[in-house]
Amino acid sequence: MQDLTGGLTAAAVVLPKAMAYASVAGLPVAVGLYTAFTPMAIYALLGSSRVLSVSSTTTLAILTGAELEGLAIDGGSASRAVATLVALVGIVLVLARVLKLGFVANFISIPVLTGFKAGIGLVIVLDQAPKLLGLHVPKQSFFTDALSVVRSLPETSVYTASVAAVSLCALVALKQLKPGAPAPLLSVAAAILASWALGLSASGVGTVGFIPKGLPSLTPPDLTLVRDLLPGAFGIALMSFTETIAAGRAFADQDDPPINANRELIATGAANLGGALLGAMPAGGGASQTGVARAAGANSQRASLVTSAAALATMLVLAPLLGFLPQATLASIVILYSVVLIQPAEFLSIYRVRRMEFHWSVVAAVGVLVFGTLQGIVVAIILSVVGLARQTAQPRVSVIGRKHGADVLRPVSPEHPDDETFEGLLILRPEGRLYFGNAQVVADRIATFVADRRPRVLVLDLSRVPDLEYTALEMLRDGLRRAEKAGVEFWLVGLNPEVLAVVRNAQLDKELGPGRLLFNARAAIELYNRVTGQMNRP
């Protein structure tokens with residue numbers, strides 16, 4: 001019973017929003033119903049989340065619209081173009097599962113994703129603004145379109161703007177006064193009734209128009225469009241998967257099974273492949289609709305099957321009535337549920353914690369506005385990669401000493417001026433993965449320490465190094481040779497099994513010689529004291 005209630009409650013939110021998202025993508029609103037029908041049901045059978053609701057989202061809608069806008073297609077071939085795009089998204093997701101690329105869900109950093117979604121939110125608001133005002137503004141770029149909207153304000157349709165104002169006020173009031181009420185459904189129902197009773201279309205208010213009654217027809221993809229649509233399909237697949245994983249994890253209870261990223265790839269891939277044949281647009285997990293279902297008591301995917309059945313019933317029975325729905329009401333729903341993508345508080349939180357990540361989030365947002373939504377994904381990925389490279393390119397290299405009066409080894413620092421170091425022995429501890437991006441930095445820092453301290457023995461403690469890439473291995477080999485020329489012995493200690501295997505495969509252990517590959521830094525200190533004690537005996 002809880003799943004039935006949750007599914008019907010979610011349907012009251014999902015179906016109006018799905019139609020609105022279809023309009024964002026420049027598609028007939030019926031496509032939104034198809035997206036709430038087929039992908040929802042397929043994911044319910046295959047997904048790893050108990051409550052995730054899968055249809056379209058604001059991000060996927062705007063990305064879809066941006067991709068289709070660049071194609072020179074007429075109305076007759078638009079459905080095949082959509083089918084091709086959705087099928088490609090599904091294929092990309094399934095191939096990602098075959099290649100075990102589920103880890104990609106964590107690849108875009110949260111600050112960059114915050115900026116990207118804020119940019120998407122601004123694009124959507126500007127895109128829907130002309131529908132609120134009854135304007136017709138040709139789409140170019142974000143800033144050009146914003147200027148065009150401002151210049152066109154004197155041409156605002158009073159009737160359309162009034163419908164938009166009433167719709168927005170009703171939506172906001174319902175959310176504030178009755179948080180549990182299906183505000184989108186009630187607003188849509190009231191707008192349809194008013195449109196029919198008052199004849200709003202005769203007053204110049206744009207309406208949805210004819211919606212075919214019945215099941216969607218089978219739509220084969222157009223193979224001639226694959227080359228044009230494939231780059232965009234990669235970006236849409238990435239965002240679909242990222243949003244699906246984020247929403248699934250956000251609404252998982254402690255008793256729920258963990259979200260399986262690779263299984264989610266299969267589930268969302270199959271959902272999109274099935275949707276491609278039945279007229280849907282790209283689909284993914286939605287946070288707001290999942291939250292509605294969970295709040296209404298849904299605790300299994302039976303709730304999604306109920307929502308899917310509600311979409312089917314709407315297509316079979318209510319489709320003709322939806323034709324009276326004003327476009328301004330749809331735009332109001334889109335804007336109200338898209339502005340939540342713009343999170344100033346999140347930007348402020350990032351700014352307080354890490355200024356550099358704040359800069360990345362702002363650049364990601366600006367990237368969407370300047371370069372476009374699909375290109376904004378590339379900007380977001382590049383920023384995440386640069387951020388990762390920057391964080392790992394400057395690894396810490398510490399001089400290790402011993403705490404005064406205790407057998408505790410720790411980095412030497414001004415906070416502990418009485419820590420003990422060892423005459424003639426220099427212990428250095430790099431931290432983090434050593435690879436081609438930071439090998440030379442580490443080598444330079446080691447060389448600086450050696451030149452300043454002139455030790456007899458240099459001990460490199462690799463206990464904090466989880467992995468050693470080939471370039472870094474060659475850095476160690478070069479360091480060994482330099483040390484030998486300078487008359488400094490070179491020891492390695494604290495190697496984990498993976499690093500030890502690399503050292504042995506490269507036969508670096510043989511180059512070091514016997515007794516220079518030790519268990520840990522304490523063993524190196526004991527050996528050094530023993531050797532120097534023997535050397536100092538009379």
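- In this structure, the side chains of F234 and V89 stay at 4.5 Å or more apart for every pair of heavy atoms.
- Rounding to the nearest 0.5 angstrom, the gap separating the CG atom in L336 from the NZ atom in K17 is 9.5 Å.
- Looking at Y21 and T64, their side chains never bring a donor and an acceptor atom within 3.5 Å of each other.
- Distance check, rounded to the nearest 0.5 Å: OG1 of T244 to CG of L60 gives 7.5 Å.
- Remark: F347 CZ is packed, more than 12 non-hydrogen atoms of other residues, nucleotides or ligands lying under 6.0 Å away.
- Annotation: side chain of D509 is in contact with side chain of L517 (closest heavy-atom distance under 4.5 Å).
- You'll find the side chain of V51 stays beyond 4.5 Å of the side chain of Q301, heavy atoms only.
- A donor-acceptor pair under 3.5 Å links the side-chain atoms of S240 to the main chain of A283, judged by distance alone.
- With contacts defined as side-chain heavy-atom distances shorter than 4.5 Å, the pair S53/Y43 does not qualify.
- The two residues L85 and L229 make their nearest non-hydrogen contact at N-CD1, 3.8 Å.
- When the shell of 6.0 Å around NE2 of H404 is examined, it contains 12 or fewer heavy atoms from other residues, nucleotides or ligands.
- Summarising the geometry, atom CE belonging to M281 is positioned 3.5 Å from atom OG belonging to S56; distances are rounded to the nearest 0.5 Å.
- The two residues I120 and I62 have their closest heavy-atom pair at CD1-CG2, 3.5 Å.
- Distance check, rounded to the nearest 0.5 Å: OG1 of T114 to CD of E357 gives 11.0 Å.
- Closest of all the heavy-atom pairs between R516 and F490 is CD-O, 3.5 Å.
- A salt bridge is defined here as a Lys NZ or Arg NE, NH1 or NH2 lying under 4.0 Å from an Asp or Glu carboxylate O, and D407 with R522 meets this definition.
- A salt bridge is defined here as a Lys NZ or Arg NE, NH1 or NH2 lying under 4.0 Å from an Asp or Glu carboxylate O, and D419 with R402 fails to meet this definition.
- For R410, the CZ atom sits in a packed shell: over 12 heavy atoms of surrounding residues, nucleotides or ligands are nearer than 6.0 Å.
- Counting heavy atoms from C-beta outward, L428 and S398 have side chains that stay 4.5 Å or more apart.
- The two residues L473 and A506 come nearest to each other via the heavy atoms CD2-CB, 3.3 Å.
- Atom CZ of R302 has 12 or fewer heavy atoms from other residues, nucleotides or ligands within 6.0 Å.
- Residue G401 comes nearest to V412 through the heavy atom pair N-CG2, 3.6 Å, listed as atom of the first residue, atom of the second, then distance.
- N529 places no side-chain N or O within donor-acceptor distance of the main-chain N or O of E526, the cut-off being under 3.5 Å.
- Judged by distance alone, the side chains of Q440 and R445 never bring a donor and an acceptor atom under 3.5 Å apart.
- E264 and N260 are not linked by any side-chain donor-acceptor pair at a separation below 3.5 angstrom, with hydrogens and angles left out of the test.
- Within the 4.5 Å cutoff, the side chain of V399 has heavy atoms near those of the R453 side chain.
- Counting non-hydrogen atoms of neighbouring residues, nucleotides and ligands closer than 6.0 angstrom, the CZ atom of R482 reaches no more than 12 such neighbours.
- Considering CH2 of W360 and CZ of R355, their distance stands at 15.0 Å, rounded to 0.5 Å.
- Panel note: side chain N520, backbone A523; a donor-acceptor pair is recorded below 3.5 Å.
- Inter-residue side-chain proximity for L122 and L369 is flagged as met; some heavy-atom pair is nearer than 4.5 Å.
- A cation-pi arrangement, defined by a distance under 6.0 Å to the six-membered ring centre and an angle within 45 degrees of its axis, is absent between R530 and Y528.
- Residue F519 places its CZ atom among 12 or fewer non-hydrogen atoms of other residues, nucleotides or ligands, all under 6.0 Å distant.
- Closest non-hydrogen pair, V14 versus A36, comes out as CG1-CB, 4.0 Å.
- In this structure, the side chain to side chain contact (heavy atoms under 4.5 Å, CB included) partners of E474, at least two apart in sequence or on a different chain, are Y470, R477.
- N496 places a side-chain N or O within donor-acceptor distance of the main-chain N or O of V465, the cut-off being under 3.5 Å.
- Using a 3.5 Å distance cut-off with no hydrogens or angles, the side chains of E346 and S349 do not pair a donor with an acceptor.
- Remark: the S141 side chain and the T144 side chain contain an N/O donor-acceptor pair separated by less than 3.5 Å.
- With values rounded to the nearest 0.5 angstrom, K117 atom NZ is found 14.0 Å from S361 atom OG.
- Across T58, T59, T268, a single residue satisfies side-chain hydrogen bond (donor to acceptor under 3.5 Å, both in side chains) together with E243, and that is T59.
- In this structure, R433 and T392 have side chains that are not in contact, with every pair of non-hydrogen atoms separated by 4.5 Å or more.
- Remark: side-chain polar atoms of N505 are paired, donor with acceptor, to backbone N or O of A501 under 3.5 angstrom.
- Panel note: side chain E469, backbone L434; no donor-acceptor pair is recorded below 3.5 Å.
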